[in-house]
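Since this is a predicted model, take the numbers as computed values, not measurements. Values below: all heavy atoms of this structure, side chains included; hydrogens, waters and symmetry mates excluded. Letters go in sequence order (proteins before strands), and every chain restarts at 1.
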2 protein chains.
Amino acid sequence: MDLSIGDLSRRVAVKVPTIRYYEQIGLLPAPPRTEGRQRRYGAEHVSRLSFIRHARDLGFDVEAIRELLSLAAQPDQSCEPADQIVLRHLESVERRIAQLTLLRSELRHMLEDCRHGPVRECRIIQVLADHDQCRHEHGKVS
Amino acid sequence: MDLSIGDLSRRVAVKVPTIRYYEQIGLLPAPPRTEGRQRRYGAEHVSRLSFIRHARDLGFDVEAIRELLSLAAQPDQSCEPADQIVLRHLESVERRIAQLTLLRSELRHMLEDCRHGPVRECRIIQVLADHDQCRHEHGKVS
DNA sequence: TCTTGAACCTCTAGTCGCTAGAGATTGTAT
DNA sequence: ATACAATCTCTAGCGACTAGAGGTTCAAGA
């Protein structure tokens, strides 16, 4: 096991610049280098980067991943803090789904109401221009 | 109607720096100024900024809003392009909901499986460390 | 009229998690 | 030996703001 950054990238499916970025922000430890200063990774880098990738796939932010990694390194501690992190994330996902579901129904209504005539009669534009004609309230989405 | 930027901000519920930002990126036209170079807004600014805010609330990005604004200014044209923009956005919202729904179920399973013991036995950490134990595949989320 | 002080001004930099590019160096296969 | 892909560092950019510094202007009260 003596992987170049490109090998690691292919194996874990994380792009090369992203690996360097993770090193820069201290998420992945700096590996040893060749004489010519190229990075060479071992098995522990593979598993740590996998962990990071899976956690990112699950939508955890870097701070949460930092905490999860540090918890994973303490096998005797209670896993409750990890639980809390996951729960916190789950709740934010649920809030997001709720927002987006509202949003979806608004957008559907807009499309249904559209007469497909000229802009002058277009409900879509009207709703945007005069929000009081809108059916529901909704929070910020972005 | 001769509103300061603060008046406009309160009336439309868009923050002052955001208003200046919209001017900078050309979304809101630059208003006339007082002798002392302070901005003074009229009714057309209020309605244009309202339009922008409603569209942002609906999750449209700035480029889409630019197009919607320019369509709104051409009342004789067909509203089909506006339709297309809304449809495109609806589809992306639907994709996002689908992703997040998958994600939610993964996170719920993780929490269910957790034995609330030490980290060593924690399914949450195990799933992250060894992704093959994961129940489902899912796309990128962030 | 003068004085406060809140509101305004411009400009730069930071947020998050990367991604892209320039320009130079290194590793590897032929 | 040579070619060329891969690597290196560094800086800047993405989107849609947000925060802060340091200075100026406006409007109201004394």
OP1 or OP2 of dC17(D) versus the side-chain N and O atoms of Thr18(B): is any pair under 4.0 Å? no
With respect to the phosphate group of dC8(D), does any side-chain polar atom (N or O) of Arg39(A) fall under 4.0 Å of OP1 or OP2? yes
Side chains of Arg40(A) and Pro31(A), heavy atoms from C-beta outward: is any pair under 4.5 Å? no
Could you tell me whether the side chain of Arg96(B) reaches within less than 4.5 Å of the side chain of Leu103(A), counting heavy atoms only? no
Closest to the 5' end of DNA chain C, once Tyr21(A) and Arg10(B) are matched to their nearest nucleotides, is Arg10(B)
Given atom CD of Glu63(B) and atom P of dC14(D), what is their separation to the nearest angstrom? 12 Å
dT10(C) OP1/OP2 closer than 4.0 Å to side-chain N/O of Arg33(B): yes
Arg56(B) CZ to dC17(D) C1', straight-line distance once rounded to whole Å: 9 Å
Pair Glu23(A) + Arg20(A): basic N to acidic O under 4.0 Å: no
Write down the distance between CD (Gln24(B)) and C1' (dT18(D)), rounded to a whole number of angstrom. 13 Å
What is the separation between atom CZ on Arg40(A) and atom P on dT7(D), rounded to the nearest whole Å? 8 Å
By the 4.0 Å heavy-atom rule, please label Ile25(A) as base, sugar-phosphate, or nothing. nothing
From the list dC9(C), dC8(D), dG27(C), which nucleotide is the closest neighbour of the side chain of Thr34(A)? dG27(C)
At under 4.0 Å, does any side-chain N or O of Ser4(A) touch on OP1 or OP2 of dA6(D)? no
Suppose we screen for salt bridge (Lys or Arg N to Asp or Glu O under 4.0 Å). Which residues come up paired with Asp2(A), at least two apart in sequence or across chains? none
Are OP1 or OP2 of dC9(C) and a side-chain N or O of Arg20(B) less than 4.0 angstrom apart? yes
May I ask you to evaluate whether Tyr22(B) reaches the phosphate of dC17(D), defined as a side-chain N or O under 4.0 Å from OP1 or OP2? yes
Distance check needed: dA5(D) P versus Asp7(A) CG, whole Å only. 17 Å
Would one find a side-chain N or O of Lys15(A) under 4.0 angstrom from OP1 or OP2 of dT19(C)? yes
What integer distance in Å separates Glu35(B):CD from dC9(C):P? 15 Å
Arg37(A) has an atom CZ; how far is it from atom P of dT26(C), in whole Å? 9 Å
Do Arg123(A) and Glu112(A) sit within salt-bridge range, that is, some charged N less than 4.0 Å from a carboxylate O? no
Asp61(B) side chain: which of dA16(D), dT7(D), dC9(C) is closest? dA16(D)
To the nearest angstrom, the CD1-P distance between Ile19(A) and dC18(C) comes to 12 Å
